[in-house]
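Since the structure comes first, as structure tokens, the remarks are kept for the end.
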Amino acid sequence: MTIDTASSKSTTKDQASMQHEVAPQKSVIRRLLDGPELMIFGSLIIIIAIFTVMAPTAFLSGINLRNMAIEASMMMILAVGMTYVIITSGIDLSVGAVLVFSSVASLIAMRATGSDAPWVPVLGLAVALASGAFWGLVNGLLIARARLTPLIVTLASMGIALGLARLMTGGVDLTGVPRSIVTSIGIGRIGGIPVIVLIACVFASVAGIALHMTRFGLYTYAVGSNEQGARRAGIKVDRHLISIYVFSGVCAGLAGYLTLTRFSSTTISGHAMDNLKAITAVVLGGASLFGGIGSMYGTAAGVFIPVVLASGLIIVGLPSFWQEVAVGIVLLAAVLLDQYRRRTRSS
Amino acid sequence: MTIDTASSKSTTKDQASMQHEVAPQKSVIRRLLDGPELMIFGSLIIIIAIFTVMAPTAFLSGINLRNMAIEASMMMILAVGMTYVIITSGIDLSVGAVLVFSSVASLIAMRATGSDAPWVPVLGLAVALASGAFWGLVNGLLIARARLTPLIVTLASMGIALGLARLMTGGVDLTGVPRSIVTSIGIGRIGGIPVIVLIACVFASVAGIALHMTRFGLYTYAVGSNEQGARRAGIKVDRHLISIYVFSGVCAGLAGYLTLTRFSSTTISGHAMDNLKAITAVVLGGASLFGGIGSMYGTAAGVFIPVVLASGLIIVGLPSFWQEVAVGIVLLAAVLLDQYRRRTRSS
Amino acid sequence: ASASDDISVSLVLGQRNSGFHEAIACGARAAAKELGVKVNIQAAPTYSASEQIPVLNAVMATSPSAIVLDPTSSTALIAPLMEAAANGAKIVAVDTTLDDPSVLSAVVGTDNESVGRETAKALAKALDGKSGKVAQINSIPGISTVDARIKGFEEEIKKYPNLTYIGNQFASEDIPKAQQAYVSLMSANPDLIGVVSQSNNPAIGVAGGIRSTETAESVVAIAVDADEAEIEALNEGLLDALVIQQPYEMGYVGFKQAVAAVKGEPVETPIGTGTVTATKANIADPDVAKYLYEGNCI
Amino acid sequence: MSEPDPPIVLHALETCMTTPILSARNIEKSFGQMRAMQGANFDIHEGEVVALIGDNGAGKSTLTKILSGVLQPDSGEIYIDNTLVHFDSPLDARAHGIETVYQDLSLAVDLNAVQNLYLGREIASPGLMGRLGFLDKALMRRKAQESFARLGVRVPDMRAAVANFSGGQRQGIAVARALMWAKRVVFMDEPTAALGVAQTRNVLDLIRRVRDTGVSVVLISHSMPDVLAVSDRVTVLRHGRRVATYTTSTVTSDELVGAMTGALEREGAAA
Amino acid sequence: MSEPDPPIVLHALETCMTTPILSARNIEKSFGQMRAMQGANFDIHEGEVVALIGDNGAGKSTLTKILSGVLQPDSGEIYIDNTLVHFDSPLDARAHGIETVYQDLSLAVDLNAVQNLYLGREIASPGLMGRLGFLDKALMRRKAQESFARLGVRVPDMRAAVANFSGGQRQGIAVARALMWAKRVVFMDEPTAALGVAQTRNVLDLIRRVRDTGVSVVLISHSMPDVLAVSDRVTVLRHGRRVATYTTSTVTSDELVGAMTGALEREGAAA
Ligand SMILES: Nc1ncnc2c1ncn2[C@@H]1O[C@H](COP(=O)(O)OP(=O)(O)OP(=O)(O)O)[C@@H](O)[C@H]1O
Ligand SMILES: Nc1ncnc2c1ncn2[C@@H]1O[C@H](COP(=O)(O)OP(=O)(O)OP(=O)(O)O)[C@@H](O)[C@H]1O
Ligand SMILES: [Mg+2]
Ligand SMILES: [Mg+2]
């Protein structure tokens with residue numbers, strides 16, 4: 001039976017008083033304004049405004065906008081997976097290493113064909129995504145089934161993946177990326193917009209819609225909010241966690257493939273900080289490392305802030321070392337502003 | 001009034017049944033064996049045994065033992081502060097940068113005296129500790145008073161401290177560390193034991209006793225276990241958090257000073273991974289990133305594992321890239337073993 | 001040809017915190033001052049193409065007349081540099097070159113394989129016919145210049161049958177880790193007589209290891225570059241020789257070539273800057289001392 | 001240890017010939033050295049309300065978790081309709097029509113009331129969207145509102161996370177969730193502990209209505225008046241064992257208290 | 001909004017001439033758009049037990065938190081012995097001898113029972129060690145054992161973290177803690193919600209004994225029998241306002257329920 005079918009008599013009084021206590025329903029816009037993501041967007045806009053005033057032509061030049069967008073897009077792809085992971089109260093330190101591994105595996109596969117047939121890039125993409133999925137599966141199994149701490153698991157898989165990638169390359173960056181994908185993806189544009197940016201937009205939108213509107217996303221919040229409760233509610237928590245780490249791995253695999261097309265070589269030395277950067281973006285975007293909280297648009301804002309800062313500070317000509325100081329200060333200012341808004345709102 | 005003074009009549013029955021339910025009190029040794037730290041010690045011993053069998057003379061040579069002890073000692077000093085921080089459910093990403101900043105500030109101060117009087121090294125130590133305390137205070141205030149996420153705060157202060165350190169040095173490592181401290185501390189030994197190791201032992205023991213036996217330590221667990229509850233119990237949570245971040249900063253300051261004596265120059269770019277290493281040691285030692293759980297002896301075991309592995313794998317002649325792979329696998333094996341033990345014990 | 005004060009040249013370096021890159025910056029600053037040209041110096045946080053390219057891109061947005069850079073990758077930088085060239089900037093590479101140099105107006109640099117060969121020669125010379133094992137300790141794989149030096153060393157060392165090369169340990173930029181690698185190698189190979197590091201950070205770690213194990217007498221250590229800390233280690237007797245490049249020259253000459261290219265004046269390319277091998281004995285010689293790296297120019 | 005129940009005064013024998021729809025035999029469960037279940041038995045028949053009572057720490061919640069598939073017993077058997085079953089997860093229990101209100105409520109506090117109500121059983125959007133995993137939020141909200149109203153559960157804001165709800169408001173949501181989905185048996189572990197007087201009365205009413213539709217209810221409560229008001233039979237746990245079962249109509253509050261505290265054991269039935 | 005209490009039938013006026021030791025006037029508190037306190041008043045005199053009752057969400061816990069210094073009101077005054085006070089933190093309230101059992105218990109679940117009992121008030125070791133912050137664990141354990149025994153709180157393992165204790169076991173520890181330290185007023189927010197019959201009886205006994213030593217007790221409970229059994233006066237909250245105060249000896253359970261649910265307001269006093 002369900003109570004939907006049970007008739008009710010004795011509760012009219014309570015219904016009346018219930019009406020009394022229901023708060024007025026808020027509009028979608030109001031909820032967005034109330035969301036913890038807003039102020040990060042606000043900070044982003046303030047930062048952009050400052051640079052625009054200081055160096056309008058250079059900062060708003062097509063070249064710069066395009067490059068910032070590409071830079072943010074690459075990070076966004078990693079941060080998309082990381083958003084899911086962090087909402088489940090997990091963490092994935094292996095993304096940078098998996099990115100490197102996937103790009104190496106993909107390039108080796110493409111070179112091994114010795115051909116430049118149009119299916120070779122497709123094979124490369126498949127290998128990159130499969131490599132990412134493989135490492136994600138390893139992480140997910142150890143975390144969900146063996147119940148190990150995500151920090152240690154992904155730290156270990158980071159070391160293993162990176163070590164194997166270096167073994168496969170012999171320690172030097174490989175070249176020989178098919179020209180076709182470098183020109184069509186790496187530096188390609190459609191309607192003036194870089195192809196990488198388009199890919200990232202589509203990817204992040206789909207992942208965002210899935211997070212906020214589908215069952216999969218809902219379960220992600222539920223697992224992060226109360227894992228035991230989710231289990232008792234019949235959610236297959238283990239399977240869900242595994243698929244989320246696989247997804248994070250696939251994100252890294254995709255980013256690895258795109259990295260190949262951007263740099264037309266592997267970049268095995270360059271991604272040591274990618275994990276921290278992705279985590280920072282997600283946390284800046286309002287997510288909590290304790291799980292249950294976070295959003296994809298928050299992450300998007302969180303991704304852009306460091307990118308815009310890095311570019312803007314160079315453009316206004318701040319010396320390198322001052323840039324590090326400035327980035328730190330702006331980060332603090334952004335979260336302080338956010339905190340201030342939340343406090344004035346809720347108590 | 002307190003119930004201690006109230007007389008009791010009606011509860012004898014319950015007292016009887018209480019006796020009935022009290023589990024037999026466990027011995028100290030039994031509790032230690034039950035502790036989550038044990039298996040990590042077990043893993044450490046297994047690892048040491050394997051290397052001893054594979055390369056007895058080289059692995060157990062005085063040179064190697066001393067060096068592993070020094071390496072572990074340096075990391076232990078950072079991990080001591082990190083243990084406290086993680087037990088409060090915080091995180092401190094700034095330790096490596098604060099280490100660098102402190103060593104730079106300390107060396108500049110010592111060089112500025114232009115003297116090699118015996119008080120100069122003392123001044124240097126004071127400057128190093130004060131620098132560390134300063135950054136800890138910044139972190140603590142922003143985390144406890146402004147209620148910002150530790151991850152973002154310490155990430156920001158990491159960038160700022162590192163940027164300032166680089167500004168102060170002009171971008172290249174400074175030399176001119178007083179010879180006296182290089183010989184007496186950096187490479188000094190007392191009774192065959194390196195001075196740095198003695199310092200770290202004393203430091204970690206005091207911090208461990210404080211954590212496990214004093215009010216300060218108890219409050220650290222209370223804050224990490226239920227911050228709100230601790231506040232309601234009258235613990236000055238903000239002050240406590242601040243002092244813990246200050247302590248973590250002081251640890252980094254001390255480590256910075258010792259680094260100067262080891263390398264007789266600053267080592268600006270060599271500490272990017274120190275934060276992750278310290279966190280790993282603490283988590284390997286059984287602490288939870290969600291707070292409330294952790295121990296100093298666990299951390300000590302957690303510190304040694306990566307150090308012993310790094311050294312042993314080189315000694316047994318594993319090629320460079322395979323070492324990273326092996327370290328990852330051993331880490332996983334260690335936590336798996338630990339997890340297995342806990343499960344068989346408790347359900 | 002345009003007037004000097006309309007010209008702005010940007011220098012995009014591969015790394016912060018290295019004497020080598022500081023010295024390039026100092027050379028460029030000196031040339032800029034001489035020519036009365038505006039200079040903007042930026043450096044990537046760590047030595048990798050994925051870090052340098054965003055810096056290059058932002059510099060490009062300021063529309064400099066020329067860009068001088070030390071490419072962190074011989075392939076990855078081609079595309080962004082082509083975009084910069086299409087934007088009207090003249091490009092000069094210092095230190096190393098690109099796989100496709102057509103976009104470059106000039107190249108001023110060292111042949112890094114020969115730097116590696118020099119380290120092998122210096123090692124053999126310092127060992128003076130002794131036989132035993134030698135090893136390398138380096139930072140991280142995937143740094144193109146270091147990779148080339150490692151390769152050069154490995155080719156050259158084969159010419160000395162008395163020296164058994166037991167391989168390379170990667171210790172990352174982490175100085176303590178390099179020290180630990182040294183000590184472990186020592187423990188495992190008591191007959192180790194020589195160690196080479198192809199860049200500054202591992203060299204400082206090796207020096208620390210030699211200091212703490214008191215093996216300065218029995219082990220010869222050779223390193224590349226001349227940072228302050230390396231020089232001190234040389235003077236202390238921990239390191240036995242430094243193979244010094246001429247980054248100051250690279251920056252100075254590279255900058256001048258860039259300005260010449262902007263002005264439409266004749267440009268000389270490629271220009272090779274050589275290496276000097278410094279030992280404790282000759283480091284005070286003015287001929288050597290003038291090549292030591294200075295800092296505080298980025 | 002699977003010895004039979006100790007020979008305690010049983011004021012009522014099992015309700016007799018009908019087979020129980022759920023029964024547990026000789027359940028043992030230890031946590032480390034703590035033996036929470038020491039050979040417990042339990043039975044419930046179709047359409048009856050059984051109160052499960054006992055002192056703090058008697059093992060009521062542990063038994064509930066075992067019969068809901070949350071915990072696996074160290075030994076002992078569970079039968080449904082006289083067939084031996086194994087619950088490896090709550091899903092297994094649910095597949096047999098068993099729902100549970102846990103003592104800790106087990107709500108996802110970052111989700112809102114509607115999401116909690118439907119957690120694990122969301123209504124998909126119609127058509128393709130639904131197959132892609134999209135949810136019919138509007139429909140779920142409407143139905144949830146109806147359910148809450150019927151149960152007299154007051155939800156201050158349907159779209160707000162339940163994290164800041166008062167103790168009673170949260171409990172109301174947990175109760176609503178279990179009652180909404182139960183097919184055969186509902187376990188309710190102190191469902192009214194935090195509820196107000198009116199809400200408690202509502203839940204008791206509802207328990208009766210649910211029973212009348214043929215669903216069995218296991219009510220865990222420390223409130224003897226509630227137990228006496230709503231249950232058909234009462235099972236008493238003590239130290240992880242069933243020590244007595246009574247027919248409610250023939251038992252008094254004092255007798256129940258005596259059985260729970262062990263006064264019976266020590267002093268005979270003259271509590 | 002600081003209008004006086006609405007003109008509701010007051011079955012008893014304030015217990016008269018003695019000044020209240022703690023009183024609150026026109027307390028307002030909002031959480032976002034939720035107005036949890038809408039001008040509430042509250043008084044308690046020395047050595048009396050006041051029951052604070054009301055529906056779920058009426059604001060009982062919020063008022064408790066305000067009077068314990070956990071929350072700061074948006075407006076309104078708090079008086080102790082007729083002197084205006086401000087509580088910026090629980091420490092301020094405690095300095096006035098006010099202790100609280102919170103509805104969420106506020107235990108540090110990773111600490112053991114003894115550590116929770118003494119949290120914030122540890123006994124230092126004698127001499128120098130004590131001044132260095134060392135604690136006399138043995139003494140605290142002994143005293144804690146005595147207190148728990150006296151209160152009839154069963155602690156399965158004195159050295160185990162309370163994380164795995166049963167609901168009632170945890171609540172027992174929270175109650176013991178507040179009673180052990182109270183000097184003037186104890187707030188108890190549903191202290192017996194998870195307690196067994198015997199434990200509940202114990203707590204009620206203890207409330208009386210505490211009262212007899214001159215400490216005042218504010219008991220929040222949904223159990224009318226308990227309220228009637230132990231309190232001297234009853235204050236009813238509704239929608240964040242005090243709607244009535246009764247002398248317990250002259251009121252019935254039905255009248256209280258009527259006041260809580262608002263039946264009084266709508267239907268007059270004929271509940
Ligand atoms: N996960 C666990 N780990 C260790 N001990 C546990 C665990 N769960 C329960 N226990 C212990 O098992 C015993 C029975 O607990 P249980 O929660 O079943 O009691 P209960 O009858 O529900 O009590 P209450 O009325 O207080 O809710 C208690 O002594 C408790 O401390
Ligand atoms: N921190 C908070 N944020 C938002 N709303 C809150 C918060 N605390 C309480 N509320 C709301 O304030 C109202 C009063 O809550 P309170 O907890 O005081 O009720 P109560 O009388 O104790 O109820 P119960 O009997 O269920 O414990 C409720 O509607 C609750 O949802
Ligand atoms: Mg229970
Ligand atoms: Mg309440």
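Here is how names work: the chains are called A, B, and so on, in the same order as the sequence lines, proteins then strands, and each is numbered from 1. Computed from a predicted model, the values in this text were never measured in an experiment.
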Please flag which part of [X] lies under 4.5 Å from any non-hydrogen atom of chain B: side chain, backbone, both or neither.
X        : result
A:Val153 : both
A:Ser288 : neither
A:Thr149 : side chain
A:Leu164 : both
A:Ala272 : both
A:Leu155 : side chain

Between [X] and [Y], what is the shortest heavy-atom contact and its length?
X        : Y        : answer
B:Gly328 : A:Ala156 : O-CB, 3.4 Å
B:Leu336 : A:Ala146 : CD2-CB, 3.7 Å
A:Leu167 : B:Trp322 : CD1-CE2, 3.4 Å

Any side-chain heavy atom of A:Leu289 within less than 4.5 Å of one from B:Leu289?
->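 No; the side chains remain at least 4.5 Å from each other.
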Could you tell me which of B:Ser320, B:Gly159, B:Ala334, B:Ala165 has the largest number of non-hydrogen atom pairs under 4.5 Å with chain A?
->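 With the most close heavy-atom pairs to chain A, the winner is B:Gly159.
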Looking at B:Val330, B:Leu332, B:Leu331, which has the largest count of heavy-atom pairs under 4.5 Å with chain A?
->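 If we count pairs closer than 4.5 Å to chain A, B:Leu332 comes out on top.
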Kindly compute the distance separating CE (B:Met158) from CD (A:Glu324), expressed to the nearest 0.5 Å.
->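 Reported value, rounded in 0.5 Å steps: 9.5 Å.
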Relative to chain B, which of A:Ile279, A:Ile91, A:Val327, A:Thr280 shows the most heavy atom pairs under 4.5 Å?
->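 Of A:Ile279, A:Ile91, A:Val327, A:Thr280, A:Thr280 has the most heavy-atom pairs under 4.5 Å with chain B.
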Greatest number of heavy atom pairs closer than 4.5 Å to chain B - which of A:Leu93, A:Leu151, A:Leu142 |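 Counting heavy-atom pairs under 4.5 Å, the top option is A:Leu151.
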